[in-house]
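What follows is a set of notes on a single structure, which appears directly below.
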Protein chains: 2
Amino acid sequence: MSSSPPTAKRKLQPGESDGAAEDISGWSGCAACPLRERGFCAVLLQEREGVLDLQRREHMVRARQHLYRAKDKARHIAIIREGIAFRYVVVPDGRRQILSFALPGDFLSTSFLARDTANFSVQALTPVRMCVFDKADLQRFIREEPNAIGAFFEMCVLEKERYEAQIVDLGRRNSDERIARFLIQFATHFGWTGEDGFSFAFPVRQQHMADLLGLTQVHVSRVVSKFRRAGLIELSGGLLQIVDANGLRTAAGVRNN
Amino acid sequence: MSSSPPTAKRKLQPGESDGAAEDISGWSGCAACPLRERGFCAVLLQEREGVLDLQRREHMVRARQHLYRAKDKARHIAIIREGIAFRYVVVPDGRRQILSFALPGDFLSTSFLARDTANFSVQALTPVRMCVFDKADLQRFIREEPNAIGAFFEMCVLEKERYEAQIVDLGRRNSDERIARFLIQFATHFGWTGEDGFSFAFPVRQQHMADLLGLTQVHVSRVVSKFRRAGLIELSGGLLQIVDANGLRTAAGVRNN
DNA sequence: CGTTGGCTTGATAATCGTCAATTTTAGTGG
DNA sequence: CCACTAAAATTGACGATTATCAAGCCAACG
């Protein structure tokens with residue numbers, strides 16, 4: 001009856017089970033924060049028209065450390081200031097699925113506002129600097145500032161829409177399309193506006209792409225190599241360059257022209 | 001460069017492009033509604049401690065009719081009272097992906113509270129009776145009743161969690177597991193508590209399962225037949241019976257005992 | 001300079017899709 | 001109630017996509 005799994009089983013990588021983040025440094029303030037104007041922080045600042053009086057701290061975690069472990073009780077709510085993290089779940093037999101990436105300005109999930117725990121874990125992909133609020137504190141803030149909840153609701157809906165897109169990718173697009181679309185999305189998030197030659201830091205490993213897109217690392221390697229040989233992208237040394245934007249869009253299944 | 005699609009292309013079925021729902025009948029009230037005590041309606045009733053004074057109507061739509069079409073401006077917000085609908089997306093080359101089912105008590109997406117439009121369409125799978133609120137009306141209600149928004153936020157988070165589970169299924173589970181898990185979920189939603197022999201109305205076609213689970217109808221047929229031959233389920237005449245619960249759970253990749 | 005993590009590549013195989021024919025089931029009108 | 005028709009499901013043969021296994025390469029780094 002049971003057939004073998006369709007996707008790669010992953011062994012735990014060394015260093016992967018690092019403890020939770022605990023490197024707490026001082027608070028450097030919002031004034032210098034590049035996120036001041038964006039996302040949730042913008043809402044906060046807007047609400048109070050000036051300085052925020054929420055309790056907060058700044059954490060710094062190394063790459064591969066966990067920001068949160070599935071089923072743990074979350075006492076804090078964090079927002080990413082610098083770096084990249086990812087939310088993932090591991091199925092019983094060891095296969096890993098990445099749900100989404102958390103990029104600067106992203107919440108470590110709006111879910112924690114309504115839930116004490118989550119089914120996914122969160123791990124730093126690069127070193128991550130984050131801003132941590134006490135959960136009870138933030139909930140009080142929300143009660144006092146009726147407009148804030150709207151902002152959270154908005155964020156929640158946005159996460160949901162991202163998931164919807166990902167479900168369509170996983171269910172109905174082949175590996176070429178998934179990978180090309182991921183690269184495009186990622187580049188777009190980092191300021192790409194569609195032109196040829198755009199180049200940016202790309203710390204994502206093939207294993208991450210595989211686990212996000214429901215593929216194996218080996219297959220991702222083949223497709224990336226194919227894209228490279230076809231002159232669509234250049235990818236080495238942690239730098240990704242979009243060489244042929246139209247070509248990449250075509251590979252992604254987007255109709256150009 | 002481009003390879004052929006991984007999944008079935010679907011031709012539009014006859015009758016599938018029916019117009020939007022317009023069969024408006026009178027309002028039969030909340031008193032007799034089986035959903036009175038559950039989900040959003042419970043929240044509404046709790047808020048006002050008695051009768052709701054929101055404008056509303058009752059719509060009845062036939063199977064295969066659309067409750068909403070992607071990109072349309074949504075003026076209403078609906079809650080399903082009876083029947084089953086599904087949210088889906090069609091990718092440019094005709095492949096369809098079902099995002100989720102909407103069952104009695106479910107909202108026709110919390111997204112519409114924050115958005116005018118959605119990227120998915122919603123279609124009735126069976127005849128659907130739904131309760132329709134005017135969007136502006138409901139938004140006013142939310143502003144006046146500060147606790148209501150919390151309930152919506154909660155629902156939004158719940159939808160998100162369902163999507164997370166589905167992403168894991170699509171990315172990291174094989175067809176047997178996906179189908180078995182879907183059957184289990186569905187049965188559970190309709191009152192199954194895990195015992196052998198549970199039987200219930202199952203109006204879902206193989207094409208729906210295929211489009212939900214990222215498979216083809218043909219492959220779903222094979223797996224369902226296999227389950228049947230293995231004595232796990234009985235499925236015919238729109239009735240599904242769970243014959244061997246443990247066997248089905250095993251097929252789903254859940255460790256028994 | 002050996003070790004480690006990440007990537008590449010080849011050979012082979014499993015899963016799942018495609019195509020097409022056929023049967024079964026459900027629905028409709030006489 | 002039967003005949004007819006459309007929809008849905010089944011089945012077989014075949015093929016494509018993607019996984020698995022395994023070996024080797026490369027660059028970073030202590």
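In what follows, every chain begins at residue 1, and chains take the letters A, B, ... in the order their sequences are listed. From a predicted model like this one, the values you see are computed outputs, not experimental measurements. Note that these values count all heavy atoms, side chains included, but never hydrogens, waters or copies made by symmetry.
Here C/dG6 presents its P atom at 14 Å from CZ of A/F202, a figure rounded to the nearest Å. Spacing between atom CD1 of B/I179 and atom P of C/dT15 amounts to 14 Å, rounded to whole angstrom units. Distance, A/K226 NZ to C/dG10 P: 15 Å, rounded to whole Å. A straight line from CZ of B/R95 to P of C/dC16 spans 17 Å, rounded to a whole angstrom. If you measure from atom NE2 of A/H219 to atom P of C/dT8, you get 13 Å, rounded to the nearest angstrom. B/N174 has its CG atom 11 Å from the P atom of D/dT20, to the nearest Å. Atom CG in B/L170 sits about 18 Å away from atom P in C/dT15, given to the nearest Å. Atoms CG (B/D211) and P (D/dA8) sit 12 Å apart, rounded to a whole Å.
Taking five base pairs at each end of the helix from C/dC1-D/dG30 to C/dG30-D/dC1 and finding the rotation axis that steps the C1' atoms of four pairs onto the next four gives two axes whose angle is 40°, to the nearest 10°.
Ion pair B/E58/B/R81 flagged as a salt bridge, since at least one NZ, NE, NH1 or NH2 atom sits closer than 4.0 Å to an Asp/Glu carboxylate oxygen. Ion pairing of B/D169 with B/R178 is absent here, as no side-chain N (NZ or NE/NH1/NH2) approaches a carboxylate O to less than 4.0 Å. Comment: A/D211 does not engage A/R95 in a salt bridge, judged by the lack of any side-chain N to carboxylate O separation of less than 4.0 angstrom.
Using bins of under 30°, 30° to 60° and over 60° for the plane-to-plane angle, the ring pair A/F120/A/Y68 lands in the perpendicular bin.
Residue B/L215 has its side chain nearest to C/dG17 when only D/dA19, D/dA8, C/dG17 are considered.
In this structure, A/Y88 has its ring center under 6.0 Å from that of A/H66.
Under the rule for a side chain to side chain contact (heavy atoms under 4.5 Å, CB included), the partners of A/R222 that lie at least two apart in sequence or sit in another chain are A/V218. Residues satisfying the side-chain hydrogen bond (donor to acceptor under 3.5 Å, both in side chains) criterion with B/D72, sequence neighbours excluded, are absent altogether. Residues passing the side chain to side chain contact (heavy atoms under 4.5 Å, CB included) test with B/A180 are B/F227, B/L248, B/A251, B/A252, sequence neighbours excluded.
Contacts of B/G237 with the nucleic acid, taken as non-hydrogen atoms under 4.0 Å apart, involve only primed sugar atoms and P, OP1 or OP2.
Note on residues 190-200 of chain B: pairs passing side chain to side chain donor-acceptor pair (under 3.5 Å), not counting sequence neighbours, are B/T193-B/E195.
Listed pair B/S175 / C/dC16 meets the phosphate criterion, a side-chain N or O lying under 4.0 Å from OP1 or OP2.
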Where do N or O atoms of nucleotides 9-15 of chain D meet protein N or O atoms at under 3.5 Å, pair by pair?
{"from": "D/dA9", "atom 1": "OP1", "to": "B/R205", "atom 2": "NH1", "distance (Å)": "3.3"}
{"from": "D/dA9", "atom 1": "OP2", "to": "B/Q206", "atom 2": "N", "distance (Å)": "3.1"}
{"from": "D/dT10", "atom 1": "OP1", "to": "B/R228", "atom 2": "NH2", "distance (Å)": "2.2"}
{"from": "D/dT10", "atom 1": "OP2", "to": "B/Q206", "atom 2": "NE2", "distance (Å)": "2.5"}
{"from": "D/dT10", "atom 1": "OP2", "to": "B/S221", "atom 2": "OG", "distance (Å)": "2.9"}
{"from": "D/dG12", "atom 1": "N7", "to": "B/R222", "atom 2": "NH1", "distance (Å)": "3.2"}
{"from": "D/dG12", "atom 1": "O6", "to": "B/R222", "atom 2": "NH2", "distance (Å)": "3.2"}
{"from": "D/dA13", "atom 1": "N6", "to": "B/R222", "atom 2": "NH2", "distance (Å)": "3.1"}

